[in-house]
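Chain identifiers are assigned alphabetically (A, B, ...) following the order of the sequence lines, protein sequences preceding nucleic acid strands; residue numbering begins at 1 within each chain.
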Amino acid sequence: MSKITIDRHDTDILILGTGGAGMFAALHALQTAPAGTRVTIAVKGLIGKCGCTRMVQGGYNVALGGGDTVERHFMDTINGGKWLPNQDMAWKLCEQAVVRVRELENEIGCFFDRNADGTLHHKAFAGQTADRTVHKGDLTGIEIINRLMEQVLSRPVEKLQEHRAIGLIPTKDGSGLAGVLMIDMRTGKFRFVRAKTVLMATGGGPTMYKYHTPSGDKTMDGLAMALRVGLPLRDMEMVQFHPTGLLAGDHTKMTGTVLEEGLRGAGGQLLNGAERRFMFDYDGLGERATRDVVSRGIYAEMQKSNTSRNGGVYIKMSHLGPEMVRQKFSGMVKRCADSGFDLAGGLVEVVPTAHYFMGGVVVDTDTRTEMEGLYVAGEDAGGAHGSNRLGGNGVANSTVYGGVAGDIMGMDIRRMGALRDPDENVLDAEVARACQPFGRKPANIQELRHELQEAMWEDVGVIRTRRGMERGLGRIADISDELSEVGVATGNLAFNLTWHDWLNVRSLCDVSEVITHAGLARENSRGAHYREDFPEPGDLDSSCFTVARKSGHDIEVDCEPVQFTIVRPGETILPAGEPETLVEAN
Amino acid sequence: MQEMDVSVWRGDAGGGGLEQFKVPAQESQTILDVVAWIQQYADPTLSYRYACRVGMCGSCAMMVNGVPRWTCRTHVNKVLKDNAITIAPLRNLPVIKDLATDMDPFFDKWVAAGGVHHPGKSRDDAIEILDPATPARVETDTGIECINCSVCYAACDTVANNADFLGPAALQRAWTLYLDPKDADPSAILDAVSGRGGCHNCHSQGSCTLYCPNELNPMKAIAGLKRVTAAAFFKGGR
Amino acid sequence: MMIRPHRTQPLWMAYLLHRLSGLGLALFLPAHFYLLALALNEPQRLDDYLRFADNPLVKIAEFGLVFLLAVHAFGGLRLLALEFLPWSPRQKTLAASAVAAAFLVAGTFFLQAV
Amino acid sequence: MLDLRLYMAQRLSAMVMIPLTLGHIAVMIYAIQDGLSAAEILGRTQGSVIWFVFYAVFVLAVSLHASIGLRVIVHETLGLKGLALEVFMWLTGLLLLGTGLRAVLAVTL
Ligand SMILES: Cc1cc2nc3c(=O)[nH]c(=O)nc-3n(C[C@H](O)[C@H](O)[C@H](O)COP(=O)(O)OP(=O)(O)OC[C@H]3O[C@@H](n4cnc5c(N)ncnc54)[C@H](O)[C@@H]3O)c2cc1C
Ligand code: HEM
Ligand code: SF4
Ligand code: F3S
Ligand code: FES
């Protein structure tokens, strides 16, 4: 390789990612920052067209009707997260969701479904004690992101599309963030962007599992970058699995995509390889049990080899009447039909699929991190959900905290004088890291990714044990080493997806290692984390959350006690006499 | 194993041509899977774009056998002819490289067509009470399911021939905004769609509606805009 | 190549037909006006022309023109209906009816002419 | 290359022409039943205010309509734009109007 050149660029506020968090941050930063502030958005794909916010189906949790209150939303969030959430973050999430949904409706132009009388329609997701999820059919994310996208595109924001962030570059003394190193994917050139404040909103995304739901651009780049600059990451063992991902074979990208929750809610049945219903063997609620319980039930059935053709189980809807299914779940039926499956009348193979990542960078309720100038919001930030995220709290979290980050950055920037200068050594090291595959003999990167996904699924998946996770660590290390030897041909680096695949697997390996270490550290079962060797949740009053950080080449995991700043286990903040649940039993 | 003959357009803004690949046939296989297979196993330099892989993000549209389609939701069996498929970048947009196009013109027009909500209220106001059953609401509800995939834009020959034409998706967005009682400035939308590249350039070719993978109807939306702009014309002031 | 795959559909064909007929009419009309104007100063030459018009070949050409006019008028009617009347999803049927109506009128003209 | 005004002009003129062309075709079908002669045509039309108005309106409408229509075609297939396109439209419009009115005068005066 000839000497690598780095294009240098300056801005004031830099935002990484255009999911709900990134776009709200841009809009709010424009509102609060002094006039003339330069706002730049850099994103791995096209603005608004990548990331998971767009894929939100179910909807958005907000206490806006039917007797629901912020207190009740908060208590559900804490109970759902098994007392691990940062309570101040969870409170702000529930409280601000109300404002954010009004903003979405009144200022951004979203339309959420209405009742016949014209008021907002709320539905109930599993694990909630009120009907509180607002939605636009089952395409809520498209409505939210399209409207946000229009707003962002029509404002004076600098767009760096198909710019992939690969390194957070600190100042020489390490006290603050100087800027972000990226690859302009369209040309394959490096670009270093300095900014006074940077929001990282790259959306996590547990795509290191064999079956996963998030969009293809999400490969944990953000958390891998945070790890490398030494930031603390919390709750890293908490990977949420959705019980019903489509299973269609390893060779198709459709495998792993979500078949919606509502199918089970409406009475869909899960059958094992012998076409026998099995969920009641595991839980009294059968298929209607919560996500984690159903995922474990399916996983257990798979471990017994009672599997369908491709190694999963079947979902059956036909007993509800194919016509009714076709009508009520038209989108799902059509999607399955496009893939060659008959959801309304036949059996469709499903498998638990990695859906959401509860872990993330340690932040305060204003999205600030311990590094001056770096802010984190959305799925990249840890804390709001604890050990489990309620359906509908994901997009609420990213839009609420994205907006908060925008507001805070717009204010903080007033006290930040000049741009900070980067530690050129770190910058060079990051460039070298990205160029590592150059000059080596090309090999198949996809196979390596498959190996990693297989290892994580088997050893650090739905049901975990010490033995398994230790084996997993070994496998991850091997794959990581092998990756270091794999080359990428450098003939043409413009839009070179194979180079980016290499970088993707790099990020995924790094974060997989942290997930496994955190999983080993938590010797109990909470929410999404289930240890076969420690099946009990442990004492709630002395609940801890894991905090991992990189020190040298090692990952160190500490456990920090949860601060019950608002409510203690066994207590509630709901007024005395409030009913347990407002959801009518059906 | 059974193999298919796949021709893929390779090149960049400077030009290019078709290249042939043999791709193993699988039971569940989309066009996107075919393209990804080629990049992962045959030619690591092939460029394309996708994100959601389930028909929600509109990143993956390409010309498949000369017809624009979302590739992540197009099963190979649907388009395979004589065991062959031809895949090319989406029409009517500048090519970046191989199968990836620059979608900026599409989105610039989306904004130019007035496709941005004009707020009349703020986050401090309550959510508006709106009847979900009015015909306008029902029509808007489907219209806003658009995933901005640009398939309609690629299908339209008016777009191909008239550089200023805003195109079906942008105009359909404008129509849904016009119908939305929450929008505080409907006349701004009518102005935006009445210029030299506006809705009046559409020749009702109907390809937009025919090829829209979400079964939306931009042709009808554009007719709606023509109707209301014409009415506004008679009321004067325009 | 004119007929690219995405164009093989009735509404696109209707569009093409409308455009070609409009173009044809626009090219023919000045000639038609020129001939009629002959009536002013040289009625003789107009008569010559009209006799020439009895020639079967010319008859067919005339038929073609009326056909163009009919095609264009009914096609235009279809477009105006689709743009200004409450929208019906039966666009293909309308397109087909417009062509059928054009054939009917032009056919009548042709039968009258021979 | 059509804004609302040009569009309205084209559609309104088309609407005006619908009865006129259908009327014209009907008359032609009737008239040619037993051959045509200049005298016959002129006999029917000359001195008739009604026919004068009928054809004059048609010529006005068609000049407007066809010049806008050709403008669209020329822009879309030949890429003509800007001033050249405006000039083209006006020239074709005036040409049609000129020749058309001459013809109307010829047959109705
Ligand atoms: C299929 C599916 C359904 C879901 N349904 C629901 C639901 O019904 N309700 C709910 O509340 N939540 C749901 N979620 C979760 C929810 O979508 C996410 O929690 C939330 O949208 C995350 O928002 P975000 O802004 O943090 O990240 P995202 O929306 O994922 O955005 C991340 C952005 O960062 C960009 N990016 C990534 N890496 C880089 C990089 N290196 N450089 C630059 N940019 C980068 C991405 O391209 C993307 O633009 C669902 C998730 C999935 C996958
Ligand atoms: C009977 C009455 C007529 C009606 C109802 C009619 C209707 C229409 C309509 C609606 C259009 C717009 C088509 C579009 O935008 O796609 C159009 C275009 C056109 N018309 Fe007519 N028209 C009529 C007569 C004529 C005549 C007599 C001429 C010829 C001189 C003519 C020439 C044209 C041309 C050249 C176009 C442009 C075609 C295009 O853009 O594809 N029309 N007509
Ligand atoms: S209208 Fe249909 S084809 Fe056009 S961009 Fe929207 S979804 Fe795609
Ligand atoms: S294809 Fe084009 S011409 Fe009009 S009806 Fe659709 S926009
Ligand atoms: S990849 Fe998102 S629509 Fe195809």
For chain B, which residues of residues 45-53 of chain A have at least one non-hydrogen atom nearer than 4.5 Å to it? A/Leu46, A/Lys49, A/Cys50
Tell me, with the steps shown, if B/Ile129 and A/Thr119 meet side chain to side chain contact (heavy atoms under 4.5 Å, CB included). CA-CA 5 Å; B/Ile129 308 276; A/Thr119 55; 3.6 Å; yes
What part of [X] gets within 4.5 angstrom of chain B, counting heavy atoms only: side chain, backbone, both, or neither?
X: A/Ala489; value: neither
X: A/Phe341; value: side chain
X: A/Lys334; value: both
X: A/Ser339; value: backbone
X: A/Val98; value: neither
X: A/Val134; value: neither
X: A/Glu107; value: both
X: A/Ile142; value: side chain
X: A/Lys44; value: neither

Between CE of A/Met254 and NE2 of B/His75, what distance do you get to the nearest 0.5 Å? 6.0 Å
When rounded to the nearest 0.5 angstrom, what is the spacing between CD1 in B/Ile96 and CD in A/Gln161? 8.5 Å
Do [X] and [Y] touch side chain to side chain, with heavy atoms closer than 4.5 Å?
X: A/Arg186; Y: B/Asp102; value: yes
X: B/Asn148; Y: A/Met149; value: yes
X: A/Phe111; Y: B/Thr176; value: no

Would you indicate whether B/Lys182, at its atom NZ, is surrounded by more than 12 heavy atoms from other residues, nucleotides or ligands within a distance under 6.0 Å? yes
Over 12 non-hydrogen atoms of neighbours within 6.0 angstrom of CD in B/Glu27: no
Side-chain ion pair, B/Lys121 and A/Glu105, N-O less than 4.0 Å: no
Look at [options] and state which one has the largest set of heavy-atom pairs under 4.5 Å with chain A.
options: B/Thr140, B/Asp183, B/Asp141; answer: B/Asp141
options: B/Lys97, B/Arg73, B/His118; answer: B/Arg73
options: B/Ala36, B/Gly58, B/Cys72; answer: B/Gly58
options: B/Val111, B/Thr74, B/Val54, B/Asp131; answer: B/Val54

Geometric cation-pi criterion B/Arg49 and A/Phe495, 6.0 Å radius, 45° cone: no
Check: [Y] main-chain N/O paired with [X] side-chain donor or acceptor under 3.5 Å:
X: B/Arg53; Y: A/Pro214; answer: yes
X: A/Asn106; Y: B/Asp125; answer: yes
X: A/Thr498; Y: B/Pro44; answer: yes

For [X] and [Y], which heavy atoms make the closest approach, and how far apart are they?
X: B/His117; Y: A/Ile108; value: CB-O, 3.4 Å
X: B/Met56; Y: A/Asp138; value: CE-O, 4.5 Å
X: B/Pro132; Y: A/Ala116; value: CD-O, 3.9 Å

For chain A, which residues from residues 209-216 of chain B have at least one heavy atom closer than 4.5 Å to it? B/Pro213, B/Glu215
Testing the 3.5 Å rule here: is there a donor-acceptor pair between the side chains of A/Asp501 and B/Gln39? yes
In sequence, state the C-alpha distance, the side-chain angles, and the governing distance for A/Arg147 and B/Val116, and then conclude on side chain to side chain contact (heavy atoms under 4.5 Å, CB included). CA-CA 7 Å; A/Arg147 302 298 75 91; B/Val116 185; over 6 Å; no
Given B/Asp33 and A/Lys253, is the salt bridge (charged side-chain N to carboxylate O under 4.0 Å, His left out) satisfied, shown in steps? CA-CA 6 Å; B/Asp33 291 328; A/Lys253 292 192 189 296; 5.6 Å; no
Side chain, backbone, both or neither: which part of B/Ala126 has a heavy atom under 4.5 Å from chain A? backbone
Under the ring pair (Phe, Tyr, Trp, His ring centres under 6.0 Å) rule, collect the residues that match up with B/Trp37, sequence neighbours excluded. B/Tyr41
What pairs with A/Lys441 under side-chain hydrogen bond (donor to acceptor under 3.5 Å, both in side chains), at least two apart in sequence or on another chain? none
Tell me, out of A/Asn496, A/Val258, A/Leu153, who's got the most heavy-atom pairs with chain B below 4.5 Å. A/Leu153
Residue from A/Met55, A/Arg54, A/Gln446 scoring the most non-hydrogen pairs under 4.5 Å with chain B is A/Arg54
